[in-house]
J.: 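After the structure tokens below, expect a handful of questions from me.
A, B, ... follow the sequence lines: proteins, then strands. Residue 1 opens every chain.
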Amino acid sequence: MKLTLPDGDKLEIEEGTRVIDIAYDIGEGLGNATVGATLDGELLDLRDEVVDEGDFEIITIDSPRANEIIRHTASHVMAQAVKRLYEDVKLAIGPAIDDGFYYDFDLPKSLSEENFAEIKSKMEDIVEEGYEIERLTMDAEEAEEYLSDKNEKYKLELLNEFVSEGEKEVSFYRQDGFTDLCEGPHLRDTSQLKHFELLDVAGAYWRGDENNVMLQRIYATAFAKEKNLKEYVQRKEEAKERDHRKLGPELDLFTFHPELGPGLVYWHPKGTEVLHQIKEFWRAKHRKAGYEFVSTPHIGKSDLWEKSGHLDYFREDMFPPMRESNQEYFLKPMNCPFHIQIYQSRTRSYRDLPLRWAELGTVYRHERSGVLHGLLRARGFTQDDAHVITTPDQVKEEVTGVLNLTFDIMSAFGFNDYKVALSTKPEKAVGDAKRWEEATEALRESIMDLGLDYEVEKGEGAFYGPKIDVHLEDALGRFWQTTTVQFDFNLPERFDMTYMGSDGREHRPYMIHRALMGTLERFFGLLVEHYKGAFPVWLSPVQVAVLPVTEDNNEYAEKVAEKIRNEGIRVDARTGTDENLSREIHEAQLEKIPYMLVVGDKEEETGEVSLRLRTEEDLGPRPLEEFIEFATEKIEEKARL
RNA sequence: GCCCGUGUAGUUCAGUCGGUAGAACAUCCCGUUGGUAAUGGGAAGGUCGCCGGUUCAAUUCCGGCCGCGGGCUCCA
């Protein structure tokens, strides 16, 4: 049989030849460097026998795909180290993940970061001792006996599952005395493991189920080159620097006051200014896209939530009710039932559709205490919510419209890379099959029409309808879920929404929930991290700081500021302080104010201002009018600076 | 909600092997009128997260609760 090599050459091999033997066949150097291979993109262990034809590529320790293998082996080495160190350790699972790997253990001792040094040092021993890693296979019975002997109850559970899935044989990997039920792939030798770091210890439920016991998980990472490990650590530090929970209070944008209610945001004047800019922009874009705006109450009687089904299915996530005489009122966790009331206020005709109703609706959800995370996961938040109510034949066009609007808005914030996910019908679902199919197809076709790459998340849709989620990539290459476009077959049914068709009969409309930025809080948080607090001029709470050189220039500074303010630009004259210029610049710099105007005797004489950017560039003096023109233009075009 | 960690001035942190605490920055006051990232001096500021227990004495030891952080689960 033939394999196609990366350079296009065909390699004739005998079926069942091992990866490592193929590598040596190509060249001895390559053979020595081999840690695995890919066949049509699938990762193979170096010990695997190749039985299919396809695109074949050898992986050496330096290739990007090698990380997966390195980390998998690193997780075994870590597990072995933990077993060497502590009593009564049972192994659960230890896979490679995106940025590293982890291993889940069950042991009586509770692990903490203080133990990292000794674990790492034992790992280094195992690396130094340089054990060959061998693979062995056992049939189900043998394996069961072996694992029972070792008292590895979690591994036994996994084994039983494999067997019930029809596996006759399972593989183990062994280095020194350490043997682990494992599919691989792995390195050839523990000495190939060079650069690794333990990162965190955390709890994790066995099999991810909160009804199961909690295991102890150690997160760690490993790389082929020290340089890459350092870069990774740096990236983590950079992310810490950008953390909106640190920058928010530092830049006087917002605070939390947990003693007065965890997960509830207090927006300071500067944060509120930024928020207003975002909202104004959002409104303008929606108006242009043919949306109308609605405003609805924050609370509603229990009848409403009973009818919507929230009290049955969402109650845990709602704040407890407030009572008024013998009635219960609930804070809204969603806006939809209210929008439906507006729809129901009169008989709707097919001529009215589509309706596109948007509201920056503030909702409250009683999120479980452990999940709160600054602005990204709060208990009170504002959705940039809208409901699109359409006839069946308008569905696709409406979805396309929503996606276009999304990308239009996002590009203004400098987001141009996305991941799109289409989630299909889950096992437990309401609504008829035909509607599910139509809606899912409409979503799919819209994505295709826009030429977007997307992934299908099978069965991941909500019980009430399929959805599209969009994840944005930020300046640090991290992805954030923002946009969601969801069909709802449940609420129109529950509220018996109808419209009069051209045939004179009542029809059930399609309803689409959509939030483009997701929630303003979350979006704001991600903007802070994306920009590292240095908002583009149009968003900056203070766009210009006027800095007098001495107090004698205060009057001129005020005059300059007034002229700028009259042009609608947000400006702050720093005349209330007698600090020297360097100090004023230092402070404006820390506040990340885009433009600093230095005004001293020289400027006062000529009616000029000296412009300094927050990027530390001194652009020198220019007439005030010229600066105003410059700034206005930058704001207009939504420039970064 | 669960596991681990953690909680000292506005902020970042030190400290007390049980005798009620200290620095830097920020704040306020005084002096300096300074030309592109921190002027000098002084003052004020903390029931050491909350409640309970042990003790002559608790910020320190023990227990409970709350919050925060890293994860897990959850996000109809």
J.: Counting side-chain heavy atoms from C-beta on, which of rA38(B), rA76(B), rC68(B) comes nearest to Pro262(A)?
T.: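 Shortest atom-to-atom distance from the side chain points to rC68(B).
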J.: For Gln589(A), which contact category applies under a 4.0 Å heavy-atom criterion: base, sugar-phosphate, or nothing?
T.: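 Answer is base: heavy atoms of Gln589(A) come under 4.0 Å of a base.
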J.: Is rC13(B) paired to anything, Watson-Crick or G-U wobble with both distances less than 3.5 Å, and if yes, which nucleotide?
T.: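 Answer to the pairing question: rG22(B), which forms a Watson-Crick or G-U pair with rC13(B).
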J.: Please tell me if Arg217(A) has a side-chain N or O lying less than 4.0 Å from either OP1 or OP2 of rU73(B).
T.: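 Answer no for this pair, as no side-chain N or O of Arg217(A) is under 4.0 Å from OP1 or OP2.
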J.: Assign Gly370(A) to base, sugar-phosphate, or nothing according to its heavy-atom contacts below 4.0 angstrom with the strands shown.
T.: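 Contact class for Gly370(A): base.
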J.: Could you tell me the separation between the CD1 atom of Ile593(A) and the C1' atom of rU36(B), rounded to a whole number of Å?
T.: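 Rounded to the whole Å, the gap is 14 Å.
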J.: Say you pick atom C1' in rU12(B) and the same atom in rA58(B); how far apart are they, in whole Å?
T.: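 Looking at atom C1' only, rU12(B) and rA58(B) are 27 Å apart.
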J.: Taking a pair as Watson-Crick or G-U wobble with both distances under 3.5 Å, which nucleotide is matched to rG69(B)?
T.: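 Answer to the pairing question: rC4(B), which forms a Watson-Crick or G-U pair with rG69(B).
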J.: Phe463(A) has a side chain; which of rC2(B), rA76(B), rA37(B) sits nearest to it?
T.: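 Between rC2(B), rA76(B), rA37(B), the one nearest the side chain of Phe463(A) would be rA76(B).
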J.: Is there a Watson-Crick or G-U wobble partner for rC75(B) with both distances under 3.5 Å, and if so, which one is it?
T.: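 rC75(B) is unpaired by these criteria.
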J.: What nucleotide among rG1(B), rA37(B), rU33(B) has an atom nearest to a side-chain atom of Glu551(A)?
T.: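 Ranking rG1(B), rA37(B), rU33(B) by closest atom to the Glu551(A) side chain puts rU33(B) first.
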J.: Would you mind checking if Lys83(A) and Glu152(A) are paired as a salt bridge, meaning a charged N to carboxylate O distance below 4.0 Å?
T.: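 So Glu152(A) pairs with Lys83(A) through a salt bridge.
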J.: How would you label the contact of Met596(A) with the nucleic acid (heavy atoms, under 4.0 Å): base, sugar-phosphate, or nothing?
T.: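 Result for Met596(A) = nothing.
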J.: Hey, does Asp317(A) reach any base, or is it just sugar-phosphate, or nothing, if we go heavy atoms under 4.0 Å?
T.: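 It contacts nothing in the nucleic acid.
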J.: Once you apply the 3.5 Å cut-off to both distances, tell me the Watson-Crick or G-U wobble partner of rA58(B), or none.
T.: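 WC or wobble partner does not exist here.
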J.: Could you give the distance separating rG46(B) and rG10(B) at their C1' atoms, to the nearest angstrom?
T.: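 It works out to 12 Å between them.
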J.: Is there a donor N/O on one and an acceptor N/O on the other, under 3.5 Å, for the side chain of Glu584(A) and the base of rA37(B)?
T.: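 Such a pair does not exist between side chain and base.
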J.: When we call it a touch if two heavy atoms are under 4.0 Å apart, what does Arg377(A) touch: a base, just sugar-phosphate, or nothing?
T.: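 Base, at least one base atom sits under 4.0 Å.
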J.: Could a donor-acceptor pair under 3.5 angstrom be found where the side chain of Glu603(A) meets the base of rG35(B)?
T.: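 Between rG35(B) and Glu603(A), which were checked side chain against base, a qualifying N/O pair under 3.5 Å is present.
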J.: Let me know which of Trp357(A), Tyr343(A), Trp305(A) forms a ring pair (Phe, Tyr, Trp, His ring centres under 6.0 Å) with Phe338(A).
T.: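 Of Trp357(A), Tyr343(A), Trp305(A), ring pair (Phe, Tyr, Trp, His ring centres under 6.0 Å) with Phe338(A) is met by Trp305(A) alone.
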J.: When all nucleic acid strands are considered with a 4.0 Å heavy-atom cut-off, which category describes Asp601(A): base, sugar-phosphate, or nothing?
T.: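 The residue Asp601(A) makes base contact.
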J.: Consider the side chain of His586(A), meaning its heavy atoms from C-beta on, and name the nucleotide among rC75(B), rA38(B), rG35(B) that approaches it most closely.
T.: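 For His586(A), the side-chain atoms sit closest to rA38(B).
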J.: Using a distance-only criterion (donor-acceptor N/O pair, under 3.5 Å, no hydrogens), is the base of rC72(B) paired with the side chain of Arg207(A)?
T.: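 Result: no qualifying N/O pair found.
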J.: Can you tell me if His373(A) touches the phosphate of rG71(B), counting only side-chain N or O atoms and a distance under 4.0 Å to OP1 or OP2?
T.: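 No, outside the criterion.
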J.: Would you indicate what Asn490(A) reaches in the nucleic acid, counting non-hydrogen atoms under 4.0 angstrom: base, sugar-phosphate, or nothing?
T.: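 The residue Asn490(A) makes base contact.
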J.: Applying a 4.0 Å non-hydrogen cut-off, can you work out what Ala202(A) is touching in the nucleic acid: base, sugar-phosphate, or nothing?
T.: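 Ala202(A): base contact, heavy atoms under 4.0 Å.
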J.: Looking at every strand, decide which applies to His310(A) at a 4.0 Å heavy-atom threshold: base, sugar-phosphate, or nothing.
T.: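 The answer is base, as His310(A) lies within the cut-off (heavy atoms under 4.0 Å) of a base atom.
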J.: Any side-chain N or O of Arg612(A) below 4.0 angstrom from OP1/OP2 of rA37(B)?
T.: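 Yes, because at least one side-chain N or O of Arg612(A) sits under 4.0 Å from OP1 or OP2 of rA37(B).
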J.: Look at the side-chain N and O atoms of Thr550(A) and state whether any lies under 4.0 Å from the OP1 or OP2 oxygen of rG34(B).
T.: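 No, outside the criterion.
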J.: Taking the nucleotide of RNA chain B with the closest heavy atom to each, which residue, Gly309(A) or Glu587(A), is nearer the 5' end?
T.: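 Its nucleotide being nearer the 5' end, the pick is Glu587(A).
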J.: Toward the 5' end of RNA chain B, which comes first, Ser308(A) or Gly374(A), by nearest nucleotide?
T.: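 Its nearest nucleotide lies further toward 5', so the answer is Gly374(A).
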J.: Measure distances between side-chain N and O atoms of Tyr205(A) and base N and O atoms of rG71(B), and say whether any donor-acceptor pair falls under 3.5 Å.
T.: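 Check fails, no donor-acceptor contact within cut-off.
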J.: Both conditions, 6.0 Å and 45 degrees, for the charged tip of Lys90(A) above the ring of Tyr154(A): are they met here?
T.: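 No, Lys90(A) does not lie over the aromatic ring of Tyr154(A).
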J.: Categorize Asp200(A) for me: base, sugar-phosphate, or nothing, with a 4.0 angstrom heavy-atom threshold over every strand shown.
T.: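 Sugar-phosphate only.
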J.: Has Tyr219(A) got a side-chain N or O lying under 4.0 Å from the OP1 or OP2 atom of rC72(B)?
T.: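 Indeed, a polar side-chain atom of Tyr219(A) lies that close.
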J.: Both distances below 3.5 Å, Watson-Crick or wobble geometry, any strand: find the nucleotide opposite rC28(B).
T.: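 Looking at the geometry, rC28(B) pairs with rG42(B).
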J.: For Leu581(A) and rG34(B), what is the distance between atoms CG and P respectively, to the nearest whole Å?
T.: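 One finds 12 Å between P of rG34(B) and CG of Leu581(A), rounded.
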